[in-house]
Amino acid sequence: SDCRERVMWKESNSELYIELEFVDFVTAFEFMGRVAELAEAHQHHPNWCNVYNKLSISLTTHDAGGIVTKKDHALAEAISLLEGFNGAVI
């Protein structure tokens with residue numbers, strides 16, 4: 001829950017950040033699809049970068065001046081609960 005999210009996600013430079021590594025590109029891309037659906041449901045969208053099987057995600061609230069808010073923590077928590085997340089945390 002909240003504690004697990006805080007352990008895995010790092011907060012620095014006014015963003016929540018995590019790096020994930022999957023077995024291959026397709027698996028990473030499938031995970032990104034699940035994150036995209038969550039982002040739409042939360043009406044809050046990540047900054048992310050995907051290179052082959054690696055995915056970095058950063059969350060910040062632009063509307064609040066580029067700081068970490070409850071919206072970021074809520075989306076991070078939801079992403080943390082997605083299938084495939086735990087095995088991919090670097």
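- Across all non-hydrogen atoms, the minimal contact from L59 to V68 is O-CG2, 4.2 Å.
- Of all heavy-atom pairs between N50 and A28, the closest is ND2-CB, 4.0 Å.
- Pairs engaging residues 22-32 under the side-chain hydrogen bond (donor to acceptor under 3.5 Å, both in side chains) rule: D24-T27 [sequence neighbours left out].
- Annotation for H42 and A74: closest pair CE1-O, 3.7 Å, computed over non-hydrogen atoms.
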Exercise. Run the side-chain contact (heavy atoms from CB on, under 4.5 Å) check on N86 and M8 step by step: do they pass?
Worked result: CA-CA 9 Å; N86 287 330; M8 295 179 179; 3.5 Å; yes
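- Considering all non-hydrogen atoms of both residues, D72 and I67 come closest at OD2-O, 3.4 Å.
- Taking F25 as the reference, F29 meet the ring pair (Phe, Tyr, Trp, His ring centres under 6.0 Å) condition, with sequence neighbours excluded.
- Scanning for side-chain contact (heavy atoms from CB on, under 4.5 Å) contacts around K54 gives E21, with sequence neighbours left out.
- Between the CH2 atom of W48 and the OG atom of S56 there is a distance of 10.5 Å, given to the nearest 0.5 Å.
- Partners of T60 by side-chain hydrogen bond (donor to acceptor under 3.5 Å, both in side chains), not counting sequence neighbours: none found.
- Minimum heavy-atom separation, F22 to A88: CE2-CB, 3.5 Å.
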Taking distance alone, no hydrogens or angles, what donor-acceptor pairs closer than 3.5 Å link side-chain atoms of residues 12-20 to residues at least two apart or in another chain?
| unit_1 | atom_1 | unit_2 | atom_2 | d |
| --- | --- | --- | --- | --- |
| Y17 | OH | E19 | OE2 | 2.8 |

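- A parallel orientation is assigned to the rings of W9 and F85, their planes being inclined by less than 30° (bins at 30° and 60°).
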Under 3.5 Å, sequence neighbours excluded: what are the donor-acceptor pairs made by side chains of residues 32-41?
| unit_1 | atom_1 | unit_2 | atom_2 | d |
| --- | --- | --- | --- | --- |
| R34 | NH2 | E83 | O | 2.9 |
| E40 | OE2 | H45 | NE2 | 2.7 |

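- The minimum heavy-atom distance between T69 and A64, with the atom names listed, is CG2-CB, 3.9 Å.
- Side-chain heavy atoms closer than 4.5 Å link hydrophobic residues (I, L, V, M, F, W, Y) into clusters, and following such links, even through other members, never connects Y52 to V23.
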